[in-house]
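Quick caveat: nothing in here was measured; it's all calculated off a predicted structure. Below, chains carry the letters A, B, ... as their sequence lines are ordered, and counting in each starts from 1.
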Protein chains: 2
Amino acid sequence: MRNDSRLSRMLHVLIHMDRHQNAATSEMIAKMLNTNPVVVRRTMAGLRDQGYVRSEKGHGGGWTLVRPLSEMTLLDVYNALGEPHVFAIGPADDQPKCLVEQAVNNALADAMKEAEALLLRRLGNVTLEEIAAEFEAKLTARSAAAYSCAS
Amino acid sequence: MRNDSRLSRMLHVLIHMDRHQNAATSEMIAKMLNTNPVVVRRTMAGLRDQGYVRSEKGHGGGWTLVRPLSEMTLLDVYNALGEPHVFAIGPADDQPKCLVEQAVNNALADAMKEAEALLLRRLGNVTLEEIAAEFEAKLTARSAAAYSCAS
DNA sequence: GATTTTGTAACAAGACAAGTGACATGAGCC
DNA sequence: GGCTCATGTCACTTGTCTTGTTACAAAATC
Ligand code: FES
Ligand code: FES
């Protein structure tokens, strides 16, 4: 559990859902992510609130994709997750009195802000459909048996 | 303790040391960083190993700057710290079997690698002297009393 | 009414930087 | 030589955040 893997997981799930029209239960999703149904619900709550997926209770319920993959960027998913912290590094003190520390923080914050902006710009320029297409290319190139969720 | 603040702290200390020629003990440094002498020694060990600072025991001992600030970039300090993890986010699985997950991880890794490269490039293009100069400018602009470590 | 499935709260586990106490080691001072 | 200062390092605790897990209420289907 070294990193925050929510974005990675959600992207995986969304593409998975696109390939299986029927609703997927939290338990099925949890199994494919090697985790727990509660974690799935907790993480997907943001996507539901933003209207990317829908959840239904009872028999035949589960999660369904609402919007096509072509209309969702990686950034959309990131935002739906509540814009988790990107960086593991940061300043020691947010409001330092020492002017030197302020100068240091400014320099670091500038660089980090730029890097974050680049990252988010990149995420905003890639749709989930493009990743799915990349997957398709790999799938046909290799044998179809390599695809893990053949169900 | 939300973030890894080692880089921020070390930059602060190095510039501080440049402005006070005499050796600074871990205890003095700890006081100005609002932390503990052991944390200071632990964190500065990397800088010593890389030859940026020297530490001496006994009376009159402590930490002294070896190289001028103009010959140290923020990246040098980052590297001396052991290149800590930059990002808080990451893939759920480093070696996934599922091809979809592989495609997702590739897309994310690409974007993150670019962002990290940009960040490190920026850090490599700024010397500690430049930050010190920025501090000097602020200091003369305001009243000198605002400088917290007047000692 | 029984079963399935989500929603949510509450809490434990894992990871990692940071904080802390203890003690050995070496360098100067008397 | 002995004392004091200061680093070096080990071992352990704390704080914080994502994950994992258990428990249970609420809603929808059979
Ligand atoms: S896409 Fe279904 S398990 Fe990876
Ligand atoms: S530079 Fe000395 S305390 Fe900030």
>> Given 3.5 Å as the limit, does a donor-acceptor pair link the side chain of A:Y78 with the main chain of A:L120, or not?
In response: no
> With a 4.0 Å cut-off on heavy atoms, is A:R2 in touch with a base, just the backbone sugar-phosphate, or nothing at all?
Replying inline: sugar-phosphate
> Of all heavy-atom pairs between A:T127 and A:S70, which one has the smallest distance, and what is that distance?
Replying inline: CG2-O, 3.7 Å
>> In this structure, how many angstroms lie between the C1' atom of D:dA6 and the CG atom of B:N22, rounded?
In response: 15 Å
> Does A:T25 use its side chain to pair, donor to acceptor, with the backbone of A:M28 at less than 3.5 Å?
Replying inline: yes
> How long is the gap from CG on B:L123 to CG on B:L7, to the nearest 0.5 Å?
Replying inline: 6.5 Å
>> Within this structure, what is the CG-NE2 distance for the pair B:L11 and B:H16, rounded to the nearest 0.5 Å?
In response: 14.5 Å
> Roughly how many Å is it from CG in A:N3 to P in D:dT16, rounded to a whole number?
Replying inline: 20 Å
> In whole angstrom, what separates B:M44's CE from D:dT9's P?
Replying inline: 14 Å
> Between atom CZ in A:F87 and atom P in D:dC17, what is the gap in whole Å?
Replying inline: 18 Å
> In terms of the nearest nucleotide of DNA chain D, which residue is placed more toward the 5' end: B:A45 or A:N36?
Replying inline: B:A45
> What nucleotide, of D:dA6, D:dA23, D:dT16, holds the atom closest to the side chain of B:T25?
Replying inline: D:dA6
> Taking CZ from A:R9 and C1' from D:dT19, how many angstroms apart are they, rounded to a whole number?
Replying inline: 7 Å
>> With a 4.0 Å cutoff (strictly under), does any side-chain N or O of A:T35 reach OP1 or OP2 of D:dT19?
In response: no
> Can you tell which of D:dA6, D:dA11, D:dT21 lies closest to the side chain of B:R42?
Replying inline: D:dA11
> To the nearest 0.5 Å, what is the distance between CZ (B:R122) and CG (B:L75)?
Replying inline: 12.5 Å
> So where does chain A start and stop touching DNA chain C, 5' to 3', when the test is distance under 4.0 Å to a non-hydrogen atom?
Replying inline: C:dT3 to C:dC16
> What is the nucleic acid contact for B:S5, judged by heavy atoms within less than 4.0 Å: base, sugar-phosphate only, or nothing?
Replying inline: sugar-phosphate
>> Under 3.5 Å, is there a donor on one side chain and an acceptor on the other for A:S26 and A:W63?
In response: yes
> Quick one: SG on B:C98 to CE on A:M32, what's the gap to the nearest 0.5 Å?
Replying inline: 6.5 Å
>> Can you list, in residue-number order, the parts of residues 48-67 of chain A that come under 4.0 Å of DNA chain D, counting heavy atoms only?
In response: A:K57, A:G58, A:H59
>> Measure CD/A:E27 against P/D:dT22 and give the value in whole Å, please.
In response: 13 Å
>> If the cut-off is 4.0 Å, is B:R41 near the phosphate of D:dG8, judged by side-chain N/O to OP1 or OP2?
In response: no
> In whole Å, what is the span from the NE2 atom of B:H85 to the P atom of D:dT16?
Replying inline: 22 Å
> Atom OH in A:Y52, atom CG in A:D76: separation rounded to 0.5 Å?
Replying inline: 3.5 Å
